[in-house]
Amino acid sequence: MVSTVRVRFAPSPTGYLHVGGARTALYNWLFARHENGVFILRIEDTDVERSTDESVTTILESLRWLGLDWDEGPEVGGPAGPYRQAERLTLYQEHARKLLDDGKAYYCTCTPEELEARRKAALAAGTSPRYDGRCRKRGNDLSGVGGRGAAVRLLVRDEGSIEIADLVHGPIRFERADLDDFILLRSDGMPTYNFAVVIDDVLMDITHVIRGDDHISNTPRQIMLYEAMGLPVPHFAHIPMILGSDRSRLSKRHGATSVLAYQQMGYLPEAVVNYLVRLGWSHGDQEIFSQEELVKHFSIEKVGKTPAVFDPVKLEWLNGQYIKHVAPDRLTALLRPLWEAAGVSQQELFQRDEAWLHRVACLFQERARTVTELASSSRFVFDGKIERDKAVALKVLSSEAKARLRALLPEIEALPTFTAATLESLFRMRAEALGLKLVDLAQPFRVGLSGKSVSPPIFPIMELMGWEAARRRVEEVLEEEG
RNA sequence: GUCCCCAUCGUCUAGCCGGCCCAGGACGCGGCCCUUUCAAGGCUGAAACACGGGUUCGAAUCCCGUUGGGGACGCCA
């Protein structure tokens with residue numbers, strides 16, 4: 001029988017979900033969906049000092065925004081729950097007890113201060129800061145310790161080696177002699193990361209552990225735990241990290257790293273997903289993938305070994321590609337709050353009908369790279385005060401240009417119908433009659449209407465604005481001095 | 001200091017069980033076309049196998065070393 005693939009994403013709720021974590025989640029999710037397996041979300045909140053509920057909320061929200069739904073985990077439950085480690089403490093303690101009784105682990109009464117001092121001394125002496133095993137003799141016997149707290153350490157034999165059969169890196173070998181007796185349970189009874197992970201992965205029947213490269217050095221310790229408990233080891237896949245432009249670990253100083261920050265900046269979740277998946281994975285020459293295509297083509301074997309530099313410029317390009325194809329109703333829904341933020345009054349947004357808003361969105365969507373940018377560039381089509389670029393006005397609105405604008409107004413007024421088509425043919429005729437290019441008439445008009453030198457084609461814009469509003473705008477610049 | 005990982009254009013990458021590669025695609029950058037501006041689109045240009053040794057008739061592709069980068073060495077995760 002072929003057992004079902006079960007993978008997990010296990011963030012610690014000590015902050016927002018950053019793009020590195022998001023990609024790890026994405027790879028796990030894609031692997032699960034591709035294999036028809038189960039994607040589990042587990043919250044690793046054993047660090048009570050730093051874990052917060054707000055952080056849990058943000059992480060769930062980020063995953064949902066990206067479209068990464070989990071089959072088991074917080075809010076959806078599942079047979080292997082609870083899915084927050086803080087609610088699983090007795091499980092860890094039971095397993096630690098068993099390891100203690102089997103002689104696989106022992107109590108350690110060294111204090112954190114003592115350990116820190118020894119670690120520093122070792123580093124200063126240029127030797128490896130490993131725990132020296134001085135409490136091994138104590139075994140599971142806590143007598144004579146008094147009120148002093150005791151941590152539990154795994155007993156690690158010194159001989160032999162451990163090999164990780166890594167799905168992306170191939171075999172990776174560690175010598176046991178380089179590893180030390182690490183802590184399983186802290187003196188306050190809380191499990192450490194390495195211990196909780198293994199217990200949970202066992203209890204949740206995880207078949208594939210897909211996580212960042214930075215966990216490679218934890219893996220041999222975790223394998224030793226599986227061995228100590230006599231349990232089968234899952235498959236491991238360590239995916240390369242995401243770096244900043246200077247090739248160091250990606251952090252805030254490299255720009256936005258929070259997934260939700262990209263939502264706020266007007267990025268589409270499918271663009272972010274598409275960008276992240278290509279950081280370390282590829283499928284021939286294809287750059288743009290639908291979610292279905294990703295699920296169909298994704299494979300862990302095709303994940304590269306090289307760390308990738310996060311490139312916001314390419315993300316922006318991809319977002320632009322996606323924006324071009326967003327359906328008008330969805331785009332308009334995204335735009336409403338952003339238009340408002342850009343200064344369009346609530347009242348006007350309410351008065352305009354949906355079809356009109358769609359037409360505005362469609363006119364601008366081809367040339368916007370973010371939804372936010374789309375909102376601000378299309379703002380002038382609405383009624384109300386607009387920003388005028390002084391330098392542009394000075395350059396484009398010469399006295400001849402203004403004279404031409406003035407001459408055109410009554411002709412437009414006389415048009416039987418006020419549409420993009422009739423406007424365009426009028427402008428073309430006038431340009432030809434004057435021995436000018438269309439641009440010579442259109443550009444002053446554009447500046448008059450929008451205040452800027454760039455915009456979508458002005459004729460459909462004028463149709464959308466309506467003659468009254470358009471004329472008011474143009475008269476505004478005609479009345480100015482100069 | 002010890003251990004581990006990685007190494008193709010500025011960036012993401014294809015190729016990597018050897019010849020099809022004087023290395024392909026994408027972003028960005030330059031040019032041209034299209035064009036009412038700007039985008040978009042089309043065409044096009046510059047741009048890389050880190051270095052040194054092997055193995056081989058033949059290496060980006062295999063092996064070793066060097067260098068460079070990254071990660072880990074917590075009663076953090």
Side-chain angles (χ1 to χ4, degrees), chain A residues 10-14 44-47 49-51 85 108 110-112 115-116 119 122-130 149-153 164 166 169 172-175 177-180 182-194 196-197 212-220 238 240-241 243 245-249 275 278-288 304-318 320-321 324 364-369 377 392 396 424 427-428 431 437-443 445-447 450 452-459:
Chain A
S12 66
T14 54
E44 311 224 319
D45 53 356
T46 54
D47 183 347
E49 294 292 311
R50 298 194 299 151
S51 300
Q85 291 184 327
C108 173
C110 300
T111 65
L115 293 168
E116 178 61 22
R119 193 175 306 118
L123 247 14
T127 59
S128 192
R130 304 171 58 227
V152 177
R153 283 184 189 269
I164 309 173
D166 195 282
H169 291 280
I172 303 172
R173 182 182 295 270
F174 288 86
E175 297 305 317
D178 292 324
L179 274 8
D180 64 358
F182 62 98
I183 289 177
L184 268 24
L185 234 43
R186 298 174 218 174
S187 49
D188 64 0
M190 291 296 276
T192 58
Y193 163 75
N194 278 312
V197 161
D213 251 357
D214 49 338
H215 286 292
I216 288 182
S217 54
N218 283 320
T219 308
H238 288 99
M241 309 198 59
L243 310 177
S245 48
D246 60 356
R247 301 210 144 264
S248 69
R249 198 184 187 126
Y275 179 70
R278 285 282 293 99
L279 236 39
W281 176 86
S282 64
H283 182 70
D285 283 346
Q286 191 170 347
E287 292 287 345
I288 298 180
K305 306 175 190 184
T306 325
V309 174
F310 186 83
D311 180 9
V313 176
K314 188 162 183 179
L315 204 207
E316 196 178 76
W317 167 78
L318 248 181
Q321 295 295 312
K324 267 191 288 186
F364 285 79
Q365 79 182 129
E366 181 132 329
R367 61 208 78 215
R369 291 198 156 198
S377 66
V392 164
V396 178
E424 179 164 354
F427 271 61
R428 284 191 187 280
K437 288 181 183 165
L438 181 55
V439 64
D440 298 320
L441 287 183
Q443 197 60 357
F445 240 93
R446 167 170 290 112
V447 173
S450 70
K452 290 169 293 197
S453 61
V454 303
S455 82
I458 58 167
F459 306 120

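The structure displayed is predicted, hence computed values, not measured ones. Convention: sequence-line order gives letters A, B, ...; per-chain numbering from 1. Hydrogens, waters and symmetry mates play no part in the numbers below; they use all other heavy atoms, side chains included.
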Taking only the [atom1] atom of each, what is the distance from [N] to [M] in whole angstrom?
| N | M | atom1 | answer |
| --- | --- | --- | --- |
| A7(B) | C51(B) | P | 15 Å |
| C34(B) | G70(B) | C1' | 46 Å |
| C38(B) | A23(B) | P | 35 Å |
| G65(B) | G28(B) | P | 41 Å |
| A60(B) | G52(B) | C1' | 16 Å |
| A47(B) | U8(B) | C1' | 12 Å |
| U11(B) | G69(B) | C1' | 16 Å |
| C63(B) | G19(B) | P | 15 Å |

Could you tell me how far apart [X] ([atom1]) and [N] ([atom2]) are, to the nearest whole angstrom?
| X | N | atom1 | atom2 | result |
| --- | --- | --- | --- | --- |
| Y275(A) | A26(B) | OH | P | 17 Å |
| H283(A) | G15(B) | NE2 | P | 11 Å |
| D285(A) | G15(B) | CG | P | 10 Å |
| L279(A) | A26(B) | CG | C1' | 13 Å |
| R278(A) | U13(B) | CZ | P | 7 Å |
| D178(A) | U2(B) | CG | P | 11 Å |

Checklist entry - Is there a side-chain contact between Y193(A) and T46(A) (heavy atoms, below 4.5 Å)? => result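 The answer is no, as the side chains (C-beta and beyond) never meet within the 4.5 Å cut-off.
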For [N], what is the paired nucleotide under Watson-Crick or G-U wobble rules, both distances under 3.5 Å?
| N | value |
| --- | --- |
| A46(B) | none |
| G58(B) | none |
| A26(B) | U11(B) |
| C51(B) | G65(B) |
| C3(B) | G71(B) |
| C17(B) | none |

Next on the checklist: Using a heavy-atom cut-off of 4.0 Å across all strands, would you classify G280(A) as base, sugar-phosphate, or nothing?
Outcome noted: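 Result for G280(A) = sugar-phosphate.
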Set of side-chain contact (heavy atoms from CB on, under 4.5 Å) partners for [X], sequence neighbours left out:
| X | answer |
| --- | --- |
| A150(A) | Y107(A), T109(A), L142(A) |
| N194(A) | F182(A), N218(A), R221(A), Q222(A) |
| V439(A) | K437(A), Q443(A) |
| A122(A) | T127(A), P129(A) |

Taking side chain to side chain donor-acceptor pair (under 3.5 Å) as the definition, give me every residue that meets it alongside [X], ordered by chain and number, with sequence neighbours left out.
| X | answer |
| --- | --- |
| R153(A) | none |
| K314(A) | E287(A) |
| Q365(A) | none |

Checklist entry - Below 3.5 Å, does any donor atom in the side chain of K314(A) face an acceptor in the base of A26(B), or the other way round? => result yes
Item to check | Side chain E287(A) and base G25(B) donor-acceptor under 3.5 Å | outcome: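 For E287(A), whose side chain was compared with the base of G25(B), there is a donor-acceptor pair (under 3.5 Å).
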Item to check | Q321(A) side, atom CD; I288(A) side, atom CD1 - distance, nearest 0.5 Å | outcome: 4.5 Å
Checklist outcome for this item: The contact string for nucleotides 30-50 of chain B, one letter per nucleotide 5' to 3', using protein heavy atoms under 4.0 Å with B, S and - for base, sugar-phosphate only and none, comes out as ------BBBBSS---------
Next on the checklist: I'd like to compare against my own output: the B/S/- annotation of nucleotides 62-77 of chain B with a strict under-4.0 Å heavy-atom distance to protein.
Outcome noted: --------SSSBSBBB
Checklist entry - Are the charged groups of D213(A) and K305(A) less than 4.0 angstrom apart, N to O? => result no
Item to check | Which atom of F174(A) lies closest to which atom of S217(A), heavy atoms considered | outcome: CZ-CA, 4.3 Å
Next on the checklist: Reading RNA chain B from 5' onward, which residue's closest nucleotide shows up sooner: A308(A) or F174(A)?
Outcome noted: F174(A)
